[in-house]
Number of protein chains: 2
Amino acid sequence: MNAVGKKTGSEFSERLNTGGFRFTPQRQQVYDVLLQKRDHPTAEEVFIRAKKQMPEISHATVYNCLDALVECGLLRQVQLDRGATRFCPNMREHCHFYCDVCDSVYDVDLPAKSQPGVSLPKGFKAERYEIAIHGVCPDCAKAKMKK
Amino acid sequence: MNAVGKKTGSEFSERLNTGGFRFTPQRQQVYDVLLQKRDHPTAEEVFIRAKKQMPEISHATVYNCLDALVECGLLRQVQLDRGATRFCPNMREHCHFYCDVCDSVYDVDLPAKSQPGVSLPKGFKAERYEIAIHGVCPDCAKAKMKK
DNA sequence: GTCAAGATTTGGAATAATTCTAAATTGTGG
DNA sequence: CCACAATTTAGAATTATTCCAAATCTTGAC
Ligand SMILES: [Mn+2]
Ligand SMILES: [Mn+2]
Ligand SMILES: [Zn+2]
Ligand SMILES: [Zn+2]
């Protein structure tokens, strides 16, 4: 993996295979859309962007591809508010800042040793943590001040 | 507030007032439903339960009430998966354990000094943190073992 | 290479979740 | 009592996601 987390074609293909999926142009296209603009788009947004390059791609396929890519560890799924699910190709450990004013989403790196020291009651098996920070982004904070 | 976080009628009413809302029987009913079974129900679930006591209550009212109660700090809204938003009357600092197998949700207390030491880039104003732990609950873990 | 089986895609229908709208009802203060 | 604003209501509308059956593609066996 290089600096921005982009994978070579063969790495991408391998990752799909080990997850039990085949390589398909649609899956590649959906993944490319996610890499091109890292603004945590919704499935609908991905569909719109993917159609520009691949006009025949269908809505259902975008959902299928997104699910497959999440399942094989190439994408993360992010739930932030009542709206649609968003997707993120950054697989480094990070959390999300969500601006409650403009709905934008930013990746926020977590300090090296971060796993929140939560102690779970006996019997619970934790698989992953999702941390979301709600607040106001710099642009909206500035806009608010002027008011 | 007593041990389980339940508020007296007048505390409830005051909280609404300071948020700029009136007391209404529907708001009380919705809040009571949340207190009665702390399983993080969805709006639809709240609607079904509220109707048992108040058969004329409408769908839209349940959404309105939930939003009002969230806005005045009597409920928390919780986003865990692609499904419907859930609601929680526990206003102590806590996070959520979500069982990916059976969709159940559990409150998990956070250690006293907990605020994840995330340093936000300049300009971002954090208002609240939401931590979700995805994994397998004790019941589902047991069921898995038997297999 | 041909063929069958399984995986994937497609368009559209179906369902689920939420929001909107306009009219009726309720509560408040004058 | 009256005017006014807040709230509720039923149902329509919209948004998000899932489901379905038919078409297409891929792969492995022969
Ligand atoms: Mn991200
Ligand atoms: Mn909770
Ligand atoms: Zn913003
Ligand atoms: Zn479970």
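In what follows, chains are A, B, ... by sequence order, proteins preceding strands, each numbered from 1.
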* Structure fact -> Atom OH of Tyr63(A) and atom P of dT15(D) are separated, to the nearest Å, by 13 Å
* Structure fact -> In whole angstroms, the gap separating C1' of dA16(D) from CD of Gln77(A) amounts to 13 Å
* d(CZ, Arg27(B); P, dG27(C)) in whole Å -> 12 Å
* What's in the same ILVMFWY side-chain cluster as Val101(A), cut-off under 4.5 Å, chained through other members? -> Val136(A)
* Asked: Which residues pass the side-chain contact (heavy atoms from CB on, under 4.5 Å) test with Ala60(B), sequence neighbours left out?
  -> Ser58(B)
* To do: Decide if atom CD of Gln53(B) counts as having more than 12 heavy atoms of other residues, nucleotides or ligands within a radius under 6.0 Å.
  => no
* To the nearest Å, give me how far apart CG (Leu66(B)) and P (dT8(D)) are. => 11 Å
* Asked: Looking for any heavy atom pair under 4.0 Å, which part of the strands does Arg22(A) touch: base, sugar-phosphate only, or nothing?
  -> base
* To the nearest Å, how far apart are Glu44(B) CD and dA17(C) C1'? -> 9 Å
* **Any residue of residues 48-62 of chain A with a heavy atom less than 4.0 Å from an atom of DNA chain C** => Glu56(A), Ile57(A), Ser58(A), Ala60(A), Thr61(A)
* Could you walk me through whether Arg128(B) and Asp100(A) pass the side chain to side chain contact (heavy atoms under 4.5 Å, CB included) test, one step at a time? => CA-CA 11 Å; Arg128(B) 66 179 208 280; Asp100(A) 288 314; 3.9 Å; yes
* To do: Please identify each residue that fulfils ring-ring contact (aromatic ring centres under 6.0 Å, His included) with Tyr106(B), with sequence neighbours left out.
  => Phe124(A)
* Asked: Does Gln26(B) place a side-chain N or O at less than 4.0 Å from the phosphate oxygens OP1/OP2 of dT9(D)?
  -> yes
Could you pull out the protein-nucleic contacts involving nucleotides 22-24 of chain C (nitrogen or oxygen on both sides, under 3.5 Å)?
none

* Return the set of residues passing ring-ring contact (aromatic ring centres under 6.0 Å, His included) with Tyr63(A) (not counting sequence neighbours), or none when no residue passes. => His59(A)
* Taking atom P of dT17(D) as reference, at what distance in whole Å does atom CG of Asp81(B) sit? -> 11 Å
* Round to the nearest Å and state the distance from Phe21(B) atom CZ to dT8(D) atom P. => 10 Å
* Set of residues satisfying ring-ring contact (aromatic ring centres under 6.0 Å, His included) with respect to His94(B), sequence neighbours excluded -> His96(B)
* Asked: Thr85(A) side chain N/O closer than 4.0 Å to the phosphate oxygens (OP1, OP2) of dA16(D)?
  -> no
* **Residues forming a side-chain contact (heavy atoms from CB on, under 4.5 Å) with Lys37(A), sequence neighbours excluded** => Asp39(A), Arg49(A)
* Asked: side-chain contact (heavy atoms from CB on, under 4.5 Å) with Ala132(A): which residues, sequence neighbours excluded?
  -> Leu80(A), His134(A), Glu130(B)
* **Length of the CG-C1' vector between Leu16(B) and dG27(C), whole Å** => 15 Å
* **5' precedence on DNA chain C between Thr42(B) and Pro25(B) (nearest-nucleotide basis)** => Thr42(B)
